[in-house]
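Heads up, the thing below is written out as structure tokens.
Below, all heavy atoms of this structure are taken into account, side chains as well, without hydrogens, waters or symmetry copies. Counting starts at 1 for both ligands and their atoms, following the listed order.
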Amino acid sequence: MPVYKIGLTGGMGSGKSTAAKVFSELGISVIDADIIARELVKLGQPALAEIAAFFGKEILTSKGELNRTRLRNLIFENEKLRSKLESILHPRILQEMHSQAGKLTASNPYCILVIPLLLETAQECYVNRILVIDTLNDTQRHRIKIRDGLSDKKINAILRTQCPPALRLAAADDSISNNTDLAALYHQIKCYHQQYLILAQQHAIACPIMNEHTKRPIYCPTCKAEITWSEENPWRPFCSQRCRLIDLGAWATESHRIPGEDTVKLDSDTEE
Ligand SMILES: CC(C)(COP(=O)(O)OP(=O)(O)OC[C@H]1O[C@@H](n2cnc3c(N)ncnc32)[C@H](O)[C@@H]1O)[C@@H](O)C(=O)NCCC(=O)NCCS
Ligand SMILES: Nc1ncnc2c1ncn2[C@@H]1O[C@H](COP(=O)(O)OP(=O)(O)OP(=O)(O)O)[C@@H](O)[C@H]1O
Ligand SMILES: [Zn+2]
């Protein structure tokens with residue numbers, strides 16, 4: 001049975017890595033998408049070659065490593081370049097993250113998946129619960145400035161690409177407010193840790209019973225191919241990334257709509 005997964009997410013500098021360290025100290029396995037993203041662009045990795053092929057040799061340092069600052073300056077100023085980078089890295093990050101999670105043994109009561117862009121990339125379906133770490137804007141900026149020495153302009157450019165904090169909190173099952181000190185952060189995490197131990201146990205008991213009752217074929221909503229609902233298929237309920245993206249496109253173009261009356265008519269909806 002797959003290990004119960006808590007998706008830890010939050011904006012830039014909200015304290016995800018700091019919180020992850022606390023969970024790890026409590027004996028919980030942590031899989032961090034940011035760490036995977038860094039591994040994937042190390043010297044000799046295929047993703048680095050793909051990035052260099054698209055962005056040019058100027059994106060590499062004299063040692064052939066990724067010039068992260070240069071790439072950061074490019075992608076947060078240009079949506080097309082960001083999409084291109086994401087198309088190279090995100091499928092690989094997702095695959096590696098779920099491969100690592102799939103290898104966790106049943107001795108793990110639950111695990112933490114640190115996914116900075118959990119909501120931005122619609123990964124809600126891969127986790128059992130969403131834990132959002134939230135920091136007030138001023139504190140967030142102050143901490144980023146101290147840590148990274150970035151200007152307000154550069155911080156704004158990054159924050160603009162991320163989910164607005166209010167939407168993130170609205171999607172949360174649980175939330176941590178990280179505005180004061182490390183002791184307060186630690187205290188909140190310890191409380192959630194106790195809850196997660198119980199929830200994971202309840203899940204482990206309920207899940208096999210539910211699976212037995214719901215054992216029936218599942219079909220890809222896009223191409224109708226029969227799929228297996230398992231850790232090995234990170235695109236579930238779709239058969240592939242392609243079908244998932246096609247479906248997302250359909251939502252974006254509104255060919256998928258939940259039927260219902262339009263109660264509010266926007267000006268732009270009314271025909272002249
Ligand atoms: C552009 C890169 C090389 C810049 O590296 P750098 O070390 O300067 O910054 P770092 O990785 O610490 O990111 C800074 C902040 O931006 C956020 N961020 C990174 N990529 C993105 C993105 N595509 N969209 C929105 N926010 C992002 C991070 O979560 C973090 O809060 C790096 O961010 C990257 O490879 N990004 C693409 C991969 C990705 O999407 N990672 C985030 C989720 S795993
Ligand atoms: N409770 C706290 N008290 C004091 N400093 C903190 C606290 N939480 C986090 N910090 C500091 O704030 C900065 C940002 O935290 P952290 O690196 O954990 O954020 P993050 O969400 O992982 O960032 P990113 O999105 O950039 O990866 C770090 O320098 C960290 O030491
Ligand atoms: Zn399909």
The test is side chain to side chain contact (heavy atoms under 4.5 Å, CB included); show your working for Thr18 and Lys21 and say whether it passes.
CA-CA 5 Å; Thr18 310; Lys21 194 162 163 274; 5.8 Å; no

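Pairs passing the ring pair (Phe, Tyr, Trp, His ring centres under 6.0 Å) check and including a residue from residues 110-146, sequence neighbours excluded, read His98-Tyr126, Tyr110-His193, Tyr110-Tyr196. Contacts classified as salt bridge (charged side-chain N to carboxylate O under 4.0 Å, His left out) and involving residues 105-114 (residues at least two apart or in different chains) are not found.
Of the listed options Asn178, Ile176, Val114, Asn178 places a heavy atom closest to atom 1 (N) of ligand 2. The nearest non-hydrogen atom to atom 25 (O) of ligand 2, considering only Gln140, Lys21, Lys16, comes from Lys16. Heavy-atom proximity to atom 23 (O) of ligand 2, evaluated over Arg147, Gln162, Met12, is greatest for Arg147.
With a 4.0 Å cut-off on non-hydrogen atoms, Asp34 touches ligand 2 through its side chain and not its backbone. Contact annotation: for Ile144 versus ligand 2, there are no heavy atoms closer than 4.0 Å. At a heavy-atom cutoff of 4.0 Å, ligand 2 is contacted by both the backbone and the side chain of Thr18.
Remark: the backbone N or O of Pro237 is not paired with any side-chain donor or acceptor of Tyr219 at under 3.5 angstrom. Remark: the backbone N or O of Leu81 is paired with a side-chain donor or acceptor of Asn78 at under 3.5 angstrom. Between the side chain of Glu120 and the main chain of Gln162, no donor-acceptor pair closer than 3.5 Å is present. Side chain of Asn73 to backbone of Arg70: no donor-acceptor contact under 3.5 angstrom is found. The main-chain N or O of Leu136 is found under 3.5 Å from a side-chain atom of Asn179 such that the two form a donor-acceptor pair. Judged purely by atom type and a 3.5 angstrom limit, Ser83 uses its side chain to pair as donor or acceptor with the backbone of Glu79.
Contact between Ser14 and ligand 2 is present, with at least one heavy atom of the residue lying under 4.0 Å from the ligand. Ligand 2 lies less than 4.0 angstrom from a heavy atom belonging to Thr180. Residue contacts with ligand 2: Ala20 is excluded, as none of its non-hydrogen atoms falls under 4.0 Å.
Partners of Gln123 according to the side chain to side chain donor-acceptor pair (under 3.5 Å) rule, which considers only residues two or more places apart in sequence or in another chain, are Thr121.
Distance from atom 11 (C) of ligand 2 to its nearest protein heavy atom, with residue and atom name: Arg143 CD, 3.9 Å. Nearest protein neighbour of atom 19 (O) of ligand 2, counting heavy atoms only, is Gly15 N, 3.1 Å. When hydrogens are left out, the protein atom nearest atom 24 (P) of ligand 2 is Gly13 N, 3.5 Å; that is the closest non-hydrogen contact.
Here the closest non-hydrogen pair linking Leu66 and Ile51 is CD1-CG2, 4.1 Å.
Atom numbering of ligand 2 starts at 1 in the shown order; those under 4.0 Å from a heavy atom of Gly11 are 21 (O), 25 (O). Close approach to Ser17 involves these atoms of ligand 2, each under 4.0 Å from a residue heavy atom: 18 (O), 20 (P), 22 (O).
The side chain to side chain contact (heavy atoms under 4.5 Å, CB included) test with Leu131 singles out one residue from Thr9, Asp173, Leu118, Leu8, and that residue is Leu8.
Side-chain atoms of Asn137 and Arg141 form a donor-acceptor pair, as typed in the model, at a separation below 3.5 Å.
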Under 3.5 Å, N/O to N/O: give me all the pairs between ligand 1 and the protein, one per line with atom names and distance.
residue, atom, partner, partner atom, Å
ligand 1, 5 (O), Arg68, NE, 3.3
ligand 1, 5 (O), Arg68, NH2, 3.2
ligand 1, 7 (O), Arg38, NH2, 3.2
ligand 1, 7 (O), Arg68, NE, 2.8
ligand 1, 7 (O), Arg68, NH2, 3.4
ligand 1, 8 (O), Arg72, NH1, 2.9
ligand 1, 11 (O), Arg68, NH2, 3.2
ligand 1, 12 (O), Arg38, NH2, 3.2
ligand 1, 23 (N), Glu86, OE2, 2.7
ligand 1, 26 (N), Gln162, NE2, 3.1
ligand 1, 40 (O), His90, NE2, 2.7

